[in-house]
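All remarks here apply to the structure that follows.
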Amino acid sequence: MDPNFWLERWQKGEIGFHQQKVQPALEKNWARLGVGNGETVLVPLCGKTLDMVWLADQGYDVVGAELSERAVDEFFAERGVEADVRNVSGFTVKSSGRNAIWCGDFFALNTELLPAVSAIYDRAALVAMPPELQPKYVAKLAELLPAGRHILLVGLDYNENEMSGPPFAIPQTRVRSLFERDFDVEILDVRDGLPKADHLANRGVTRLEEATYLMTRRA
Ligand SMILES: C[S@@+](CC[C@H](N)C(=O)[O-])C[C@H]1O[C@@H](n2cnc3c(N)ncnc32)[C@H](O)[C@@H]1O
């Protein structure tokens with residue numbers, strides 16, 4: 001996807017994907033991942049999600065990755081904090097307390113740059129990737145996550161005749177085929193996502209399946 005697409009979305013404030021509340025699927029299922037206090041959780045394509053605040057409040061170091069500097073600045077400004085800023089290998093890294101956001105292209109991250117990642121949380125990240133980039137995105141997740149560790153992922157599926165992405169519709173069979181080479185895949189729950197997706201209902205979506213997946217990185 002052209003980076004300008006996302007930069008423009010943030011510039012114009014067209015961020016219907018941003019939720020004013022922490023994801024219920026995160027609160028409900030996070031304990032399943034067994035992440036230890038003080039370990040690092042990676043949030044790819046993080047936007048300014050409140051889910052990062054919730055994760056930091058649980059006692060994790062939270063590392064977000066986000067293209068838009070405006071999103072990153074809004075995240076810290078809305079918390080009323082001034083972020084420390086450093087430059088690392090082409091990324092601008094802004095941090096405060098347990099939250100750090102690496103501003104730049106997620107695909108340019110690697111295990112040498114990042115602290116050891118103990119878990120990954122993906123909401124509206126895989127589905128933000130066009131189909132041709134999804135395998136590359138999943139390969140990057142596999143590269144960044146050690147064996148035995150988990151991803152909690154919230155996926156979306158809808159009738160593609162009703163709307164074109166992003167977010168892209170990713171049926172359960174497609175999620176499995178993307179992840180099963182490197183991960184064990186378990187579906188934790190499936191629900192109707194339409195009641196809290198007015199921005200997609202307004203674009204013509206009449207059925208929205210929201211599924212929560214637990215992925216475990218195989219050795
Ligand atoms: C649909 S939004 C989801 C944001 C967040 N996960 C949430 O739940 O609110 C996708 C985000 O990914 C960012 N993004 C897209 N491509 C990216 C890339 N290659 N590297 C880093 N961020 C990217 C966009 O700027 C946008 O903020």
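Side chains included, hydrogens not; waters and symmetry mates left out as well; all remaining heavy atoms used.
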### Query
Looking at CG of Leu42 and CG of Leu145, how far apart are the two atoms once the value is rounded to the nearest 0.5 Å?
8.5 Å
### Message
Under the criterion side chain to side chain contact (heavy atoms under 4.5 Å, CB included), I'd like the reasoning laid out for Glu209 against Asp192: C-alpha separation, chi angles, the key distance, then a yes or no.
### Response
CA-CA 5 Å; Glu209 181 190 281; Asp192 176 9; over 6 Å; no
### Query
Quick one: does Val22's side chain get under 4.5 Å of Thr49's, heavy atoms only?
no
### Task
State the CG-CD1 distance between Leu33 and Ile151, to the nearest 0.5 angstrom.
9.5 Å
### Query
With hydrophobic residues grouped by side-chain heavy-atom distances under 4.5 Å, do Val93 and Ile101 end up in a single group?
no
## Note on the structure
NZ of Lys196 to CD of Glu210, rounded to nearest 0.5 Å, is 3.5 Å
### Charged tip of Lys136 within 45° of Phe107 ring normal and under 6.0 Å
yes
#### Entry: Cationic N near anionic O, under 4.0 Å, Glu162 to Arg207
no
### Task
Could you tell me whether Lys28 and Asp189 have a side-chain N and a carboxylate O separated by less than 4.0 Å?
yes
### Query
Would you call Asn99 and Phe76 a side-chain contact if the rule is heavy atoms closer than 4.5 Å?
yes
### Query
How far does NZ of Lys140 sit from CE of Met129, to the nearest 0.5 angstrom?
11.5 Å
### Task
For Tyr60 and Trp30, test the side chains for any donor-to-acceptor distance below 3.5 angstrom and give the result as yes or no.
yes
### Task
Verify whether one side chain among Glu82 and Ser96 offers a donor that lies under 3.5 Å from an acceptor in the other.
no
### Query
Going through the checks in order, is the side chain to side chain contact (heavy atoms under 4.5 Å, CB included) test met by Leu152 and Leu26?
CA-CA 8 Å; Leu152 187 71; Leu26 172 64; 4.0 Å; yes
### Query
Is Pro130 close to Phe168 at the side-chain level, that is, under 4.5 Å between some pair of heavy atoms?
yes
### Message
For Gln23, is there any backbone N or O sitting under 3.5 Å from a side-chain donor or acceptor partner on Arg123?
### Response
no
### Task
For residues Val43 and Asp51, determine if any side-chain heavy atom of one lies less than 4.5 Å from a side-chain heavy atom of the other.
no
### Query
Taking Arg218 for the side chain and Arg181 for the main chain, is one N or O donor matched with an acceptor at less than 3.5 Å?
yes
### Task
May I ask you to test the Leu126-Gln134 pair for a side-chain heavy-atom distance under 4.5 Å?
yes
### Query
Step by step, would you call Arg98 with Asp57 a salt bridge (charged side-chain N to carboxylate O under 4.0 Å, His left out)?
CA-CA 8 Å; Arg98 288 187 169 276; Asp57 286 346; over 6 Å; no
### Query
Do the non-hydrogen side-chain atoms of Lys48 and His18 ever get within less than 4.5 Å of each other?
yes
### Query
Does any non-hydrogen side-chain atom of Lys94 lie less than 4.5 Å from one of Asp73?
yes
### Query
Mind checking whether Tyr137 and Phe106 have parallel, tilted or perpendicular rings, split at 30° and 60°?
tilted
### Message
Run Val88 and Trp102 through side chain to side chain contact (heavy atoms under 4.5 Å, CB included) and show every step you take.
### Response
CA-CA 9 Å; Val88 186; Trp102 289 57; 4.0 Å; yes
### Whether Asp105 side chain and Leu67 backbone form a donor-acceptor pair below 3.5 Å
no
### Task
Answer with yes or no whether the hydrophobic clustering places Val81 together with Met52; edges join I, L, V, M, F, W, Y residues whose side-chain heavy atoms lie under 4.5 Å apart.
yes
### Worked verdict on Arg217 versus Asp184 for salt bridge (charged side-chain N to carboxylate O under 4.0 Å, His left out)
CA-CA 7 Å; Arg217 178 78 168 95; Asp184 292 330; over 6 Å; no
### Query
Are Tyr121 and Val175 grouped together when hydrophobic residues (ILVMFWY) are joined by side-chain heavy atoms under 4.5 angstrom apart?
no
### Task
Report yes or no: is the cationic atom of Arg79 (NZ for Lys, CZ for Arg) under 6.0 Å from the centre of the six-membered ring of Phe75, at an angle within 45° of the ring normal?
yes
### Query
Do Val154 and Leu208 belong together in a cluster built from hydrophobic side chains that touch within less than 4.5 Å?
no
### Query
Between Thr92 and Glu69, does a side chain to side chain donor-acceptor pair (under 3.5 Å) hold up when you go through it step by step?
CA-CA 8 Å; Thr92 304; Glu69 191 158 9; 4.9 Å; no
### Query
When you check the side-chain N and O atoms of Ser68 and Arg9, is any donor under 3.5 Å from an acceptor?
no
### Query
Does the Glu66 side chain pair with the main chain of Cys103, one donor and one acceptor, at a distance under 3.5 Å?
no
## Note on the structure
Rounded to the nearest 0.5 angstrom, the CH2-CD1 distance for Trp10 and Ile15 is 4.0 Å
### Message
If you apply the rule salt bridge (charged side-chain N to carboxylate O under 4.0 Å, His left out), what do you find for Glu186 with Arg32, and how did you get there?
### Response
CA-CA 11 Å; Glu186 185 185 345; Arg32 292 283 302 266; 3.0 Å; yes
### Message
Checking side-chain polar atoms at under 3.5 Å, does Asp61 have a donor or acceptor matched by the opposite partner on Thr40?
### Response
no
#### Entry: Thr111 and Leu144, any side-chain heavy atoms less than 4.5 Å apart
yes
### Query
Would you say the side-chain atoms of Arg174 pair up with the backbone N or O of Pro131, donor to acceptor, closer than 3.5 Å?
yes
### Task
For Phe183 and Thr216, run side chain to side chain contact (heavy atoms under 4.5 Å, CB included): C-alpha distance rounded to whole Å, both residues' side-chain angles, the deciding distance at 0.1 Å, then the answer.
CA-CA 5 Å; Phe183 296 87; Thr216 306; 5.9 Å; no
### Message
Please report the interatomic distance CD1(Ile120) to CZ(Arg149), rounded to the nearest 0.5 Å.
### Response
11.0 Å
### Message
For Ser95 and Arg86: C-alpha separation, side-chain torsions, deciding distance, then whether side chain to side chain donor-acceptor pair (under 3.5 Å) applies.
### Response
CA-CA 9 Å; Ser95 58; Arg86 63 197 169 102; 5.2 Å; no
#### Entry: For Cys46 against Gly64, the heavy-atom pair lying closest together
SG-CA, 3.8 Å
### Message
Could you see if Leu45 belongs to whatever hydrophobic cluster contains Trp6? Use Ile, Leu, Val, Met, Phe, Trp, Tyr and a side-chain cutoff under 4.5 Å.
### Response
no
